[in-house]
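The first residue of the sequence shown is numbered 1, and numbering continues consecutively from there. Basis for what follows: all heavy atoms, side chains included, without hydrogens, waters or symmetry-related copies.
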Amino acid sequence: MALPLVSIVITTYRRPELLARSINSILNQTYSNVEVIVVDDNDPVSDYRKKTEMVMEDFVSNGRVTYVRQPRNLRQSAALNKGIKTSKGEFVGFLDDDDEFLPDKIERQIELLSEYKEDRNVGGVYCNVLKRGKGQEIATSFRKKNDEGNLLYPMLMGQVSYFGSSVLLKREVFDVVSGFNETMRRHVDLEFFSRFFNYYTLLLVEKPLVRIHIEGARNNPKAETYLQVKNDFFSAIDPYLGILTKQEYNRIYRYNYFDVSISFFANKEFFKGCKILRKALHYGWLSGKEFWLLSKIIIKNSLLRR
């Protein structure tokens, strides 16, 4: 019986020096029937585009690799959608251009999905990940088998993450849920999976099968930008939160806007921080851990102002 084709989409932007590692981690999988779709989102006249093209020269003769150049930088969502449209696989997954699959990632996930072939509620499978930074593994809390199913609530509470490079989805998902929202500048995967969990559940392979390379606090937005990101994000996903209980809904809003308030306090913008904190408290009281974090940051930054 022929193995189903698996398509893995890599979108790349300004990281040509790391791209080959990601591609090779797919080509070297124990599962053989796989194609790699590399979508280059660099500006055509940039040095990054030239360097990426040089990297891809080593793969052009490989029939399992397809290289797609965007006409200009259209951002991550558009690049992901381009990769999905280009792909031909029965299953579709993704890999960030600075991360890598462990050798049996696809094989283990296909094995589990095959057990649920007739279950229309199952849309895909994710796995645990290893984090690596500064040349060493970083302690990671792994999800357990009961952390599968509808994960909308734990995802939006920050309890489950890294779906981006860890998931393998049935192709039909993109017909039902549609692709990635190209108006989103951030939280691209969270917005997609907020829609996904209105229709499907996810299985879990407990073994870590992806290595995430942590390169420090890269591209973290300023507090004001972060607030706008959250406002835009919740404006997009609020219609899909009806499957939650009222308590879960309130906790999600409280958790996320508390996080925004912390950004303002950490930046010594106390008036704005208090304003956003008030919004968070509209949805419920802080947990003991949140109260401790808030007190610590306010005291620290109050002393630094003197």
Side-chain angles (χ1 to χ4, degrees), residues 1-42 44 48-71 74 76-114 117 123-127 129-130 162-175 179-180 189 205 207-213:
M1 183 176 176
L3 295 174
L5 177 64
V6 173
S7 302
I8 304 299
V9 176
I10 300 176
T11 64
T12 185
Y13 178 68
R14 294 190 172 186
R15 287 190 285 213
E17 71 281 2
L18 303 173
L19 181 58
R21 179 180 65 192
S22 297
I23 296 173
N24 284 320
S25 77
I26 302 170
L27 297 178
N28 294 330
Q29 289 287 298
T30 56
Y31 188 92
S32 59
N33 196 17
V34 59
E35 67 169 358
V36 185
I37 311 297
V38 178
V39 183
D40 187 342
D41 200 35
N42 292 294
Y48 292 109
R49 171 62 67 88
K50 295 175 184 176
K51 291 177 181 178
T52 301
E53 289 175 337
M54 291 176 63
V55 172
M56 293 306 300
E57 286 178 2
D58 292 336
F59 299 98
V60 291
S61 62
N62 191 314
R64 296 192 292 163
V65 179
T66 300
Y67 179 38
V68 180
R69 300 169 178 86
Q70 293 284 73
L74 296 174
Q76 185 183 19
S77 292
L80 288 167
N81 288 337
K82 183 67 172 181
I84 294 166
K85 291 175 183 176
T86 305
S87 68
K88 302 180 180 68
E90 183 178 338
F91 299 93
V92 180
F94 310 94
L95 180 60
D96 288 348
D97 60 358
D98 59 337
D99 297 330
E100 57 186 316
F101 286 170
L102 298 188
D104 57 342
K105 194 264 188 188
I106 296 175
E107 181 181 4
R108 294 290 296 271
Q109 290 188 315
I110 287 293
E111 284 177 354
L112 182 57
L113 280 171
S114 66
K117 189 186 313 184
V125 58
Y126 78 114
C127 63
V129 304
L130 298 172
Y162 292 112
F163 284 151
S165 292
S166 74
V167 294
L168 187 63
L169 303 177
K170 295 177 179 177
R171 187 170 200 87
E172 69 185 53
V173 165
F174 302 101
D175 297 325
F180 290 85
D189 54 343
V205 175
K207 181 181 178 182
L209 300 171
V210 180
R211 178 170 286 111
I212 304 293
H213 292 270

Minimum-distance pair of heavy atoms, taken over all atoms of R64 and L27:
NH2-O, 3.0 Å
Let me check something: any side-chain donor-acceptor pairs from residues 81-93 under 3.5 Å, sequence neighbours excluded? List them with distances.
from	atom 1	to	atom 2	distance (Å)
N81	OD1	F180	N	2.8
N81	ND2	S77	O	3.4
N81	ND2	F180	O	2.9
N81	ND2	E182	OE2	2.9
T86	OG1	K82	O	2.8
S87	OG	I84	O	2.7
S87	OG	R171	NH1	3.1
S87	OG	R171	NH2	3.3

So, taking the atom named CD1 in I212 and the one named CG in L130, what distance separates them when rounded to the nearest 0.5 Å?
9.0 Å
Looking only at heavy atoms, which two atoms of K170 and K117 are closest? And how far apart?
NZ-O, 4.2 Å
Do I26 and V34 pass the side-chain contact (heavy atoms from CB on, under 4.5 Å) test, and can you show the C-alpha distance, the side-chain angles, and the key distance before you say yes or no?
CA-CA 8 Å; I26 302 170; V34 59; 3.7 Å; yes
Give me the one residue out of V36, D99, L80, D96 that meets side chain to side chain contact (heavy atoms under 4.5 Å, CB included) with I10.
V36
At their closest point, which heavy atom of N33 faces which heavy atom of L3, and how far apart are they?
ND2-O, 2.7 Å
Could you walk me through whether K51 and E17 pass the side-chain contact (heavy atoms from CB on, under 4.5 Å) test, one step at a time?
CA-CA 8 Å; K51 291 177 181 178; E17 71 281 2; over 6 Å; no
Closest approach of C127 and V210, non-hydrogen atoms and distance?
SG-CG2, 3.8 Å
Test side-chain hydrogen bond (donor to acceptor under 3.5 Å, both in side chains) on S22 and E100; report intermediate values, then the result.
CA-CA 5 Å; S22 297; E100 57 186 316; over 6 Å; no
Compute whether any side-chain donor of one residue and acceptor of the other, for E107 and T30, lie under 3.5 angstrom apart.
yes
Closest non-hydrogen contact found for F101 with S165 is CE2-O, 3.3 Å
Minimal heavy-atom distance between N42 and R14, with the atoms involved, is OD1-N, 2.8 Å
Reported CG-to-OG1 distance for the pair D97 and T52, which is rounded to 0.5 angstrom
8.5 Å
Examine the side chains of S7 and E35 and answer whether a donor and an acceptor come within less than 3.5 Å of each other.
yes
Could you tell me if the side chain of I23 sits less than 4.5 Å from the side chain of V38, heavy atoms only?
yes
Let me confirm one number: the OG1-CG distance from T11 to D41, rounded to the nearest 0.5 Å.
7.0 Å
Please check if any side-chain donor atom of Y67 sits under 3.5 Å from a side-chain acceptor atom of D40, or the reverse.
yes
Test side-chain contact (heavy atoms from CB on, under 4.5 Å) on V6 and Q29 and set out the steps.
CA-CA 11 Å; V6 173; Q29 289 287 298; over 6 Å; no
Drop me the distance from S166's OG to F94's CZ, to the nearest 0.5 angstrom.
11.0 Å
Out of curiosity, L113 CG to I106 CD1, how far, rounded to the nearest 0.5 Å?
11.5 Å
Atom pair CZ (R108) and CG (L168), whose distance is rounded to the nearest 0.5 Å:
14.0 Å
Does this structure show an ion pair linking K207 with D104, if we count only N-O contacts that are shorter than 4.0 Å?
yes
Checking R21, R15, R211 against D98 for salt bridge (charged side-chain N to carboxylate O under 4.0 Å, His left out), the one that qualifies is R15
